[in-house]
Amino acid sequence: MSLYARFQDKLEAILGDLVREGVLPDGLPMQAVAVEPPRDASHGDLATNAAMVLAKPARTNPRALAGEIAPRLEALDGVTAAEVAGPGFINLKLDPRVWDEELEAMLAEGDHYGRVDAGEDARTINIEYVSANPTGPMHMGHSRGAVVGDALASLLEWAGRKVVREYYVNDAGAQVDTLARSAHLRYREALGEDIGAIPEGLYPGDYLKPVGAALKDAYGARYAQAPEAEWLPVFKPFVVEKMMDMIRKDLALLGIHHDLFSSEAELQASGKVEEALATLRAKGLVYEGVLEPPKGETPADWEPVELTLFRSTQFGDDQDRPMKKSDGSWTYFGADAAYHYQKAQGADHLVNIWGADHAGTVKRVQSAVTALTDGEKGLDVKLVQMVRLFRDGEPVKMSKRSGNFVTLAEMVEEVGKDVVRFMMLTRKADAPLDFDFAKVTEASKENPVFYVQYAHARISSLKRKAAAAGLDAGAADLTLLDEVERALVRQAAQFPRVVRLAADAYEPHRIAFYLYDLAAAFHASWNRGNDDPGKRFLIEEQPDLSRARLELARGIGQVLRNGLAIMGVEAAEEMR
RNA sequence: GCGCCCGUAGCUCAGUUGGAUAGAGCACGAGACUUCUAAUCUUGAGGCCGGUGGUUCGAAUCCACCCGGGCGCACCA
């Protein structure tokens with residue numbers, strides 16, 4: 001249990017005592033009570049807002065209540081002072097040994113420091129991400145959602161959730177028909193036919209050539225002149241499988257592996273969509289009706305048509321949404337509602353990572369989840385904004401139509417997996433992100449990937465040097481650390497808290513920012529040795545002091561490694 | 001016209017779920033090297049947190065309405 005969590009428990013025990021003694025009324029809202037690092041280090045080691053949050057429901061004033069709580073906090077083991085400050089904060093000063101113990105915990109827990117072990121109580125979160133249409137290779141635009149989703153999945157695991165990483169394969173729509181037709185053309189090409197230019201509306205990419213060849217190997221010339229109705233149902237699954245192989249390979253370049261691939265076509269074939277529709281119908285949430293024409297610009301081909309509609313407006317949507325098209329087939333939403341129903345049956349909570357251009361469809365799917373699970377399961381949608389590509393400050397032009405886009409594979413090949421992953425997490429997901437091929441590989445402070453890696457490499461270098469000088473043997477006396485060094489311990493000790501808060505907010509980027517700050521603090525501490533050789537981490541004539549500082553460095557290194565592990569980034573041992 | 005997201009230093013962005021004097025990087029000013037203990041660090045200046053009201057002990061954060069930008073708005077995915 002982390003230091004902050006331990007003191008949170010102790011504080012709650014004290015508040016419980018106060019309730020029993022009648023000082024506080026029963027049934028107070030405790031969720032808002034927090035143990036935090038104080039804004040200013042001079043205020044102490046820990047701060048709590050308990051008195052301010054509880055004063056109103058307890059019908060007293062914050063400072064008076066703080067006066068009740070503070071002496072009891074001061075009596076706790078490891079606390080040397082508890083002062084009431086400002087509007088009612090209680091600031092705690094801790095015995096330095098508490099931080100020394102936390103540093104020891106960092107090293108003892110190692111790769112698990114910051115992890116929550118929820119055991120049997122772990123909630124299962126299904127997180128669906130990437131889910132790119134299986135019509136071609138992954139391009140650079142897919143990479144951000146892929147990384148954010150994957151890092152969020154790891155983050156949630158660290159925070160004690162059980163996680164299912166899922167990919168929804170959209171293999172049932174018109175795009176997949178187009179894909180199969182495009183492949184058929186390549187198939188005829190592989191059979192020696194001159195197919196000329198790829199007609200408008202078909203996928204022109206060369207990546208379909210090997211698929212055509214594979215089709216030839218599998219079926220010979222059997223379908224070359226056959227009517228479409230004969231080969232389409234055969235080609236579709238064949239080609240989709242090839243595309244998914246390609247996509248899985250692309251994702252593997254980023255270190256991304258899903259647990260589950262769910263097919264929309266199989267979902268429809270299994271009757272799951274009828275089941276979802278029937279369930280909604282039984283709840284009186286489905287009707288046959290005609291929608292109003294869209295506001296603003298009315299499409300030229302609009303005409304009133306009766307559709308099977310879901311009453312999503314009952315759940316806050318602007319408009320009821322069609323589940324079936326006028327030809328009787330399922331809409332994307334119809335299948336999607338059933339798909340989320342299926343996911344909800346295997347998890348306690350759902351998370352989707354979507355491109356921001358799908359913002360408009362969030363409410364209807366959330367409505368469906370609420371309706372189908374009677375409000376027992378929730379869906380959070382994390383919207384990811386676009387990435388703007390630059391090269392030396394100049395925008396990289398991309399055109400989907402001409403097939404001139406930067407693929408994910410090219411991107412990873414040029415700058416490396418770790419750079420792509422780290423950079424995609426240096427912005428809040430819902431803010432646009434600039435990615436400059438030149439800057440992200442630069443060896444400078446402006447490049448956060450480098451900056452954090454460099455801090456870790458310096459620590460690794462320290463460990464090597466200490467081992468070579470024989471300074472690393474024996475137990476360290478951490479009481480030799482000075483205030484600046486202990487401040488570094490305090491900062492590293494926030495890691496478990498940062499993990500928990502980032503997980504609760506579904507915001508993996510917080511890990512990246514935290515690591516950058518921790519790296520900065522370490523670099524500053526390291527640099528003290530330039531001005532004052534007595535502040536260097538390793539001093540041969542002072543083995544005891546060196547051992548203590550080496551422990552500190554190892555603790556920082558461990559936290560950097562653990563944070564990078566959440567992000568899926570390797571920790572560099574050296575920068576050469 | 002409606003919905004969602006966003007608006008914080010000249011620029012790019014954080015801001016611990018409502019807390020104490022709003023932070024960091026770049027750029028600008030001043031300083032410390034000759035490279036795994038300078039790929040870095042120290043320090044200075046820089047703010048109407050888009051605006052106006054409201055909620056309360058307390059608001060960049062929550063609510064309402066404006067202003068400005070992005071995305072999306074029947075059976076496409």
Side-chain angles (χ1 to χ4, degrees), chain A residues 31-32 34 36-40 43 47 49 52-53 55-56 61-63 85-89 91 133 135 170 172-176 264 290-299 301-308 317-319 321-336 355-363 383 385-386 426-428 430-434 442-448 450-451 454-455 457-458 460-462 464-465 494 497-498 500-502 504-505 509-510 513-514 516-517 520 523-531 533 535-538 574-576:
Chain A
Q31 314 83 270
E36 304 166 324
R39 177 172 292 273
D40 192 319
H43 292 143
N49 59 357
M52 288 183 294
V53 186
K56 193 177 185 186
N61 75 72
R63 291 198 60 107
F89 283 101
N91 293 323
N133 286 335
T135 54
N170 296 133
Q175 289 188 15
V176 188
E264 182 185 1
V290 178
L291 289 172
E292 296 286 304
K295 301 279 187 260
E297 214 175 316
T298 302
D301 60 347
W302 190 89
E303 52 187 40
V305 157
E306 193 175 78
L307 296 165
T308 303
D317 202 0
D318 323 312
Q319 195 176 43
R321 303 293 173 177
M323 295 191 66
K324 277 186 171 182
K325 303 179 195 173
S326 50
D327 67 1
S329 64
W330 298 110
T331 61
Y332 185 83
F333 166 69
D336 212 21
D357 53 344
H358 286 66
T361 63
V362 172
K363 264 188 194 166
L383 295 174
Q385 272 290 356
M386 53 188 302
T426 53
R427 284 283 176 276
K428 238 177 345 197
D430 53 16
L433 183 150
D434 292 346
E442 202 172 89
S444 82
K445 185 177 187 175
E446 291 177 58
N447 176 2
F450 169 81
Y451 190 71
Y454 186 44
R458 276 180 156 172
S460 297
S461 161
L462 272 182
R464 288 191 296 268
K465 289 194 170 181
Q494 285 190 49
R497 210 174 147 264
V498 171
R500 186 174 54 77
L501 291 166
D504 289 347
H509 76 276
R510 293 196 195 189
F513 281 94
Y514 168 77
Y516 185 88
D517 288 342
H523 284 307
S525 178
W526 172 285
N527 244 66
R528 290 201 303 163
N530 285 327
D531 303 327
K535 296 294 186 193
R536 294 186 171 208
F537 277 81
L538 300 181
E574 54 182 8
M575 299 307 287
R576 287 207 171 89

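Heavy-atom basis, side chains included; hydrogens, waters and symmetry copies ignored. Since the model is a prediction, treat every value here as computed from it, not as a measurement. In what follows, every chain begins at residue 1, and chains take the letters A, B, ... in the order their sequences are listed.
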For B:U37, take OP1 and OP2 only and decide whether either is under 4.0 Å from a side-chain N or O of A:N530. no
Round to the nearest Å and state the distance from A:N61 atom CG to B:C57 atom C1'. 9 Å
Indicate yes or no: at least one non-hydrogen side-chain atom of A:P37 is less than 4.5 angstrom from one of A:R497. yes
Both atom distances under 3.5 Å, Watson-Crick or G-U wobble: I'd like the secondary structure of RNA chain B as a dot-bracket string, with | for pairs made across strands. (((((.(..((((.....[...)))).(((((.......))))).....(((((..]....)))))).)))))....
Protein-nucleotide distance (A:D40, atom CG; B:U21, atom P), rounded to Å: 11 Å
Rounded interatomic separation in angstrom, taking OH from A:Y514 and P from B:A24: 17 Å
Does B:G25 have its OP1 or OP2 closer than 4.0 Å to a side-chain nitrogen or oxygen of A:K445? yes
Which class fits the ring pair A:H509 and A:F513: parallel under 30°, tilted 30 to 60°, perpendicular over 60°? perpendicular
Per-pair stack call A:Y516 and B:A24, 5.5 Å, 30°: no
If you look at every strand shown and take non-hydrogen atoms under 4.0 Å, does A:S444 touch a base, only sugar-phosphate, or nothing? sugar-phosphate
So does A:L383 get a backbone contact from the side chain of A:D430, meaning a donor-acceptor N/O pair under 3.5 Å? no
Between A:F537 and A:K465, is any pair of side-chain heavy atoms under 4.5 Å apart? no
Does A:Y454 put a side-chain nitrogen or oxygen below 4.0 Å from OP1 or OP2 of B:A39? yes
How many Å lie between CD on A:Q319 and C1' on B:G1, as a whole number? 13 Å
In terms of the nearest nucleotide of RNA chain B, which residue is placed more toward the 5' end: A:D531 or A:H358? A:D531
Write down the distance separating the C1' atoms in B:G29 and B:G50, rounded off to the nearest Å. 30 Å
Under 4.0 angstrom, heavy atoms only, what part of the nucleic acid is A:P87 near: base, sugar-phosphate, or nothing? base
Nearest-angstrom distance from the residue atom CG of A:D318 to P of B:C71: 19 Å
Would you name the heavy atoms of A:L307 and A:S326 that are closest together and state the gap between them? CD2-N, 3.5 Å
Sugar-phosphate atoms are those with a prime plus P, OP1 and OP2; base atoms are the rest. Using that split, label each nucleotide of nucleotides 12-18 of chain B B, S or - for protein heavy atoms under 4.0 Å, 5' to 3'. SSSSBB-
Test item: A:E574 and A:S461 side chains (from C-beta on) under 4.5 Å apart, heavy atoms: no
Taking any heavy-atom pair under 4.0 Å as a contact, classify A:S460: base, sugar-phosphate, or nothing. nothing
Can you tell which of B:C36, B:G72, B:U37 lies closest to the side chain of A:D357? B:G72
Closest to side chain of A:H523, choosing from B:C4, B:A77, B:C41: B:C41
Could you state the NZ-P distance from A:K363 to B:C2, rounded to the nearest angstrom? 14 Å
Roughly how far apart, to the nearest Å, are B:C48 and B:C36 at atom P? 45 Å
Mind checking if A:A47 touches a base, just sugar-phosphate, or nothing, with heavy atoms under 4.0 Å? base
Base, sugar-phosphate alone, or nothing: which one does A:K56 contact when heavy atoms must sit under 4.0 Å apart? sugar-phosphate
Examine the base of B:U37 for any acceptor or donor lying under 3.5 Å from a partner atom in the side chain of A:N527, and report the outcome as yes or no. no
Residues passing the side-chain hydrogen bond (donor to acceptor under 3.5 Å, both in side chains) test with A:D318, sequence neighbours excluded, are none
Let me know the distance between CZ of A:R536 and C1' of B:U40, rounded to the nearest Å. 13 Å
What heavy-atom pair brings A:R510 and A:A505 nearest, and what distance separates the two atoms? NH2-CB, 3.5 Å
Describe the nucleic acid contact of A:Y451 in one word from base, sugar-phosphate, nothing, applying a heavy-atom distance below 4.0 Å. sugar-phosphate
Tell me what A:A356 touches on the nucleic acid: a base, only sugar-phosphate, or nothing, going by heavy atoms under 4.0 Å. sugar-phosphate
What distance, rounded to whole Å, do you find between the two P atoms, one in B:C11 and one in B:C73? 32 Å
Applying a 4.0 Å non-hydrogen cut-off, can you work out what A:E303 is touching in the nucleic acid: base, sugar-phosphate, or nothing? base
Below 4.0 Å: OP1/OP2 of B:U42 and any side-chain N or O of A:R528: no
Can a donor-acceptor pair be found, under 3.5 Å and without considering hydrogens, that links the side chain of A:T331 to the backbone of A:P322? yes
For the backbone of A:T135 and the side chain of A:N133, can you confirm whether one donor and one acceptor N or O come within less than 3.5 Å of each other? no
With the side chain of A:N133 defined as its heavy atoms from C-beta on, choose the nearest nucleotide among B:C41, B:A77, B:A39. B:A77
Look only at the side chain of A:N49 and the backbone of A:A34, and say whether a donor-acceptor pair between them is shorter than 3.5 Å. yes
After noting the C-alpha distance and the side-chain angles of A:Y454 and A:R458, does the key distance pass the side-chain hydrogen bond (donor to acceptor under 3.5 Å, both in side chains) rule? CA-CA 6 Å; A:Y454 186 44; A:R458 276 180 156 172; 3.1 Å; yes
Residues A:L462 and A:W526: closest non-hydrogen pair is CG-CZ3, 3.6 Å
N-glycosidic conformation, B:U17 - syn within 90 degrees of 0, else anti: syn
Could you give the distance separating B:G51 and B:A39 at their C1' atoms, to the nearest angstrom? 44 Å
Nearest-angstrom distance, P atom, B:C41 to B:A27: 13 Å
Using atom P of each nucleotide, how far apart are B:A9 and B:G18 to the nearest Å? 22 Å
Would you mind telling me which of B:C4, B:U37, B:A39 lies closest to the side-chain atoms of A:M575? B:A39
Report the nucleotide, chosen from B:U37, B:C36, B:A77, that has the shortest atom-to-atom distance to any side-chain atom of A:E574. B:C36
Nearest-angstrom distance from the residue atom CZ of A:F450 to P of B:A38: 13 Å
If we take the P atom in both B:U16 and B:G1, what is their distance in whole Å? 34 Å
If I pick the P atom on B:U52 and the same atom on B:G31, what distance separates them, to the nearest angstrom? 42 Å
For a quick check of understanding: with a heavy-atom distance under 4.0 Å over all strands, which category does A:M52 fall into, base, sugar-phosphate or nothing? base
